[in-house]
Amino acid sequence: MPIIDEAKKFLKEEGNPQWQSNYPNVETITADIEEGVAWVLIVDQKIVGYTAITDEPDPNYKKIDGKWNNDLDPYVAFTV
C-alpha cells in the first residue's frame with residue numbers, strides 16, 4: 001500500500017483526479033491477487049512497483065465522462 005499511496009500523492013500533485021477517493025484500497029489489491037491479475041516489480045529484492053493486468057471489461061469505463069470508443073473489440077487494462 002505504500003506504493004499505491006505514493007502514486008495517489010503523485011497524481012494529486014499533478015492535478016490528476018484519478019485515485020483521489022478510496023480506490024485502489026487493500027480490498028482492491030487483495031481481489032487482484034485472488035484473481036491472479038496482480039504483478040509486482042522487484043528491484044534489489046524490494047517491491048518498487050505494482051500493476052494489475054486484466055482482459056476483463058473495466059467497470060470504470062462505464063462511468064467515464066464521454067464515450068468509450070469501441071465496445072466490441074477486446075482490450076487489456078493495466079492498472080498502474
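The first residue in the sequence is number 1, and the count goes up from there. Computed from a prediction, not measured in an experiment: that's the story for all the values here.
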Backbone N/O of Q18 and side chain of N16: donor-acceptor pair under 3.5 Å: yes
Heavy-atom check, side chain of D32 versus side chain of Y50, under 4.5 Å: yes
Same apolar cluster: V37 and Y23, side chain cutoff 4.5 Å: no
Pairwise side-chain contact, L41 with V48, heavy-atom cut-off 4.5 Å (strictly under): yes
Q20, CD: over 12 other non-hydrogen atoms inside 6.0 angstrom: yes
Non-hydrogen side-chain atoms of T54 and E35 separated by less than 4.5 Å: no
Of N22, T30, I29, the residue whose pairing with V26 passes side-chain contact (heavy atoms from CB on, under 4.5 Å): T30
Close side-chain approach of D5 and K9, heavy atoms under 4.5 Å: no
Any side-chain heavy-atom pair of P17 and K12 under 4.5 Å: no
N25 side chain reached by T28 side chain, heavy atoms, under 4.5 Å: yes
Other residues, nucleotides, ligands: >12 heavy atoms within 6.0 Å of I47 CD1: no
